[in-house]
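Data first, discussion second: the structure below is written as structure tokens.
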Amino acid sequence: MSEQVRVRFAPSPTGYIHVGSLRTALFNYLFARHNNGKFILRIEDTDQSRYVDGAVENLIKSLNILGIEYDEGPDKKGDYGPYFQSQRLDIYKKHAMELIEKDMAYYAFETPEELEEMKRLAHLEGRVTAYDRRARNLTHEEIQKYLNENKPYVIRLKVPLGEEIKFNDLVKGTIKINTDHIDDQVLLKSDGFPTYHLANVVDDHLMGITHIIRGEEWITSVPKHVILYNAFNWEVPEMAHVPLLLNPDKTKLSKRQGDVAVEDYLQKGYLVEALNNFMALLGWNPGEGETSEIFSMNELIEKFSLSHVQVHGAVFNIEKLNWMNNEYIKSYDLDKLLDLSIPFFERDGFDTSDKSFLKKVLSTIRVYLNKLDEIGDQARLFFQNEIKIESADSVSLLQNENTKIVFEQIIIKLQGLKDINTDDFKQVMKDVSNETGIKGKDLFKPLRIALTGSESGPELPMLVNVYGSEKTIKFLRDALKV
RNA sequence: GGUCCAUUCGACUAGGGGUUAGGUCGUCACUCUUUCACAGUGAAAACACGGGUUCGAAUCCCGUAUGGACCGCCA
């Protein structure tokens, strides 16, 4: 491969990015970077009825957040623009006409209603619901007449019948299909816009795309595209159809069964590093001998190869994403994690003015977090000014004579300390234990209840370190009054 | 219904003629931590089925079953 690798991500701007699309974008990006090639973003906005305001901006924003950088695109200049298909209409029209001249395409004048009826009948009779190619029989005179009457028309692909189309997919291998099974696809719609099939072939060629990496759902349209490439006398790019992302029930990942928008995951506090890492491993793996699954973007770029892309779909397993996210949260730079966490503290109504306090809180709870939106639940404890003791067992434990002796001792020792770190507290506990002879469960359990109201939670020394001696003493005194 | 594609532990997957079929998540047990979690150790857990080819098949071939994608003037 001497020519420079050029790949593209070509979403249609319909509102939000589906994680499946995002994974496709990621694969394109990894492939481009691995091969020192170019990654192009092209907006496939040829369906006017699906236009959504702000969708393109949103798309670009999401790619930026995730660090999937493209070299050419709507807001990046390149030599192959414009990168909005809606701004390339004359190009498609010209190419459609070229096909008419070559007798590889033809005019068709059926109305949507007629097509609907055709399909209904076909379905009723158990036939294939494809277009019956009837307009192929129109005479030049008829066509000219309709055109003169300004009758709405589409341009359809004239599929060469009785041939075999063969192509090689880098993921799936060789695929063969008889052209008799291929629909005379609409190439140019009656509103003058191209369909995906025409636009994608024309643009991929004109933009010098060397490798088409896209979702598996496209594989059945490849033969149409191959016919187009042949008709134009263009070289067919390399193709790689990557497996779909699946719901737990193995159907195509859909909204009905959970979140599909990248924004949803970002909002829940999944870190972009975890998201990228996780998605890369869905349908791809680094191959033999690799036991780790945690990879930075650079490592992914270095390791990525289409030859290790899986041939079948992959279930989007949220449990594993949670685990991976927690791994990143645990090892993340604390200051950076704090920056990312502040919106989540705020969202749950916590005072975020004292950053060093938040940092202490974060460092003790991060180990418990699968995602950042769990911060509130875990952090709540540290913002309380009173501990509520619910269970009767806990109350009676606090009323125990030994408990009182221990608490009083601890209070005395803490009063001598201005601030208290984890080691200080461990020492205090050791001393108290030695002096009173109370140890083990009798020592720690009441203490935990007094300081948290619960029998489980973060390690006591870390807890006290965040509380500080003053607050700790207060809680102990409160407990003494129970 | 038609076309195309797929099938290794519950999930993601490695391996691809001779392996005790390996790893990660999850599950369970034990250890550590006098809690939960973390960490550590270990366990249970898979080649869809039937025929070939072969000395030998999870691996190659054929069929069956199951699953999926697509079948729009959507992308």
Side-chain angles (χ1 to χ4, degrees), chain A residues 10-14 21 44-50 85 108 110-112 115-116 119 122-123 125-131 152-156 169 171-173 175-178 180-183 185-197 199-200 214-223 241 243-244 246 248-252 278 281-294 308 310-324 326-327 330 365-369 378 429 439-445 447-449 452 454-460:
Chain A
S12 74
T14 52
S21 308
E44 309 236 332
D45 54 348
T46 54
D47 186 357
Q48 293 182 295
S49 66
R50 294 217 300 177
Q85 291 190 326
E110 291 80 16
T111 63
L115 292 173
E116 198 53 46
K119 193 190 288 179
H123 198 78
E125 293 167 25
R127 285 183 288 113
V128 187
T129 55
Y131 178 66
Y153 67 88
V154 299
I155 291 176
R156 284 182 180 272
D169 186 90
V171 173
K172 299 266 183 186
I175 292 171
K176 286 179 271 189
I177 183 176
N178 189 294
D180 292 353
H181 292 123
I182 302 173
D183 201 4
Q185 187 61 235
V186 170
L187 300 176
L188 202 69
K189 302 184 255 186
S190 57
D191 63 4
F193 279 66
T195 58
Y196 172 84
H197 306 284
N200 134 317
R214 87 243 283 182
E216 189 189 348
E217 69 265 33
W218 289 109
I219 204 156
T220 48
S221 356
V222 173
H241 287 85
L244 264 17
L246 271 27
D249 70 357
K250 305 248 182 193
T251 53
K252 193 171 163 179
F278 178 68
L281 257 18
L282 248 25
W284 171 81
N285 71 84
E288 190 176 9
E290 187 61 74
T291 59
S292 170
E293 306 225 335
I294 303 292
H308 273 100
Q310 202 69 23
V311 286
H312 56 260
V315 173
F316 191 92
N317 183 196
I318 202 88
E319 295 270 321
K320 189 160 181 178
L321 208 210
N322 284 339
W323 163 79
M324 193 172 274
N326 175 256
E327 289 291 307
K330 280 187 297 195
I365 65 172
R366 76 207 290 199
V367 68
Y368 294 97
L369 302 173
Q378 295 296 333
M429 294 308 292
K439 56 186 176 180
K441 224 196 275 183
D442 297 332
L443 181 65
F444 289 94
K445 203 172 170 187
L447 194 55
R448 172 171 296 287
I449 290 168
T452 69
S454 143
E455 289 186 31
S456 67
E459 284 177 44
L460 251 16

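For A:A314, the side-chain atoms get nearest to B:C12 when compared with the rest of B:U7, B:G26, B:C12. The nucleotide whose nearest atom lies closest to any side-chain atom of A:K252 is, among B:U3, B:C12, B:A69, B:A69. In this structure, of B:U13, B:C12, B:A69, it is B:C12 that holds the atom nearest to the side chain of A:K250. When distances are taken from the side chain of A:V315 to each of B:C73, B:C12, B:C70, the shortest belongs to B:C12. Taking every side-chain heavy atom of A:T291 into account, B:G23 is the closest of B:G23, B:G72, B:C74. Of the candidates B:C4, B:A75, B:C73, B:C73 carries the atom nearest the A:R156 side chain, counting heavy atoms from C-beta on. Across B:C5, B:C12, B:C73, the shortest atom-to-atom separation from the side chain of A:V154 is found for B:C73.
Note on A:T46: a side-chain N or O is less than 4.0 Å away from OP1 or OP2 of B:A75. At least one side-chain nitrogen or oxygen of A:K189 sits closer than 4.0 Å to the OP1 or OP2 atom of B:C74. Taking side-chain N and O atoms only, A:Q310 has a distance below 4.0 Å to OP1 or OP2 of B:A14. Between A:H312 and B:U7 there is a side-chain N or O to OP1 or OP2 distance below 4.0 Å. Contact check, A:R50 against B:A75: no side-chain N or O comes under 4.0 Å of OP1 or OP2. Look at A:N317 and you won't find any side-chain N or O under 4.0 angstrom from OP1 or OP2 of B:C12. For the OP1/OP2 pair of B:G15 and a distance below 4.0 Å, the side-chain nitrogens and oxygens of A:H308 include at least one atom meeting the criterion.
Here A:D47 pairs with A:R50 in a salt bridge; the nearest charged N to carboxylate O distance falls below 4.0 Å.
Remark: B:A37 base-pairs with no nucleotide; criterion is Watson-Crick or G-U wobble with both hydrogen-bond distances under 3.5 Å. Taking a pair to require two hydrogen-bonding distances under 3.5 Å in either a Watson-Crick or a G-U wobble arrangement, B:A48 pairs with B:U64.
Place A:P194 and A:N178 on RNA chain B by their nearest nucleotides, and A:N178 ends up nearer the 5' end.
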statement: Expected string for nucleotides 30-42 of chain B under the B/S/- scheme (protein heavy atoms, under 4.0 Å, primed atoms plus P, OP1, OP2 as sugar-phosphate) is ----BBBSSS---
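Here A:E319 pairs with nothing under the salt bridge (charged side-chain N to carboxylate O under 4.0 Å, His left out) rule; sequence neighbours left out.
When rounded to the nearest whole Å, the span between CG of A:L246 and C1' of B:A6 equals 11 Å.
The aromatic rings of A:W218 and A:Y196 lie parallel to each other, with less than 30° between the two planes, well short of the 60° mark.
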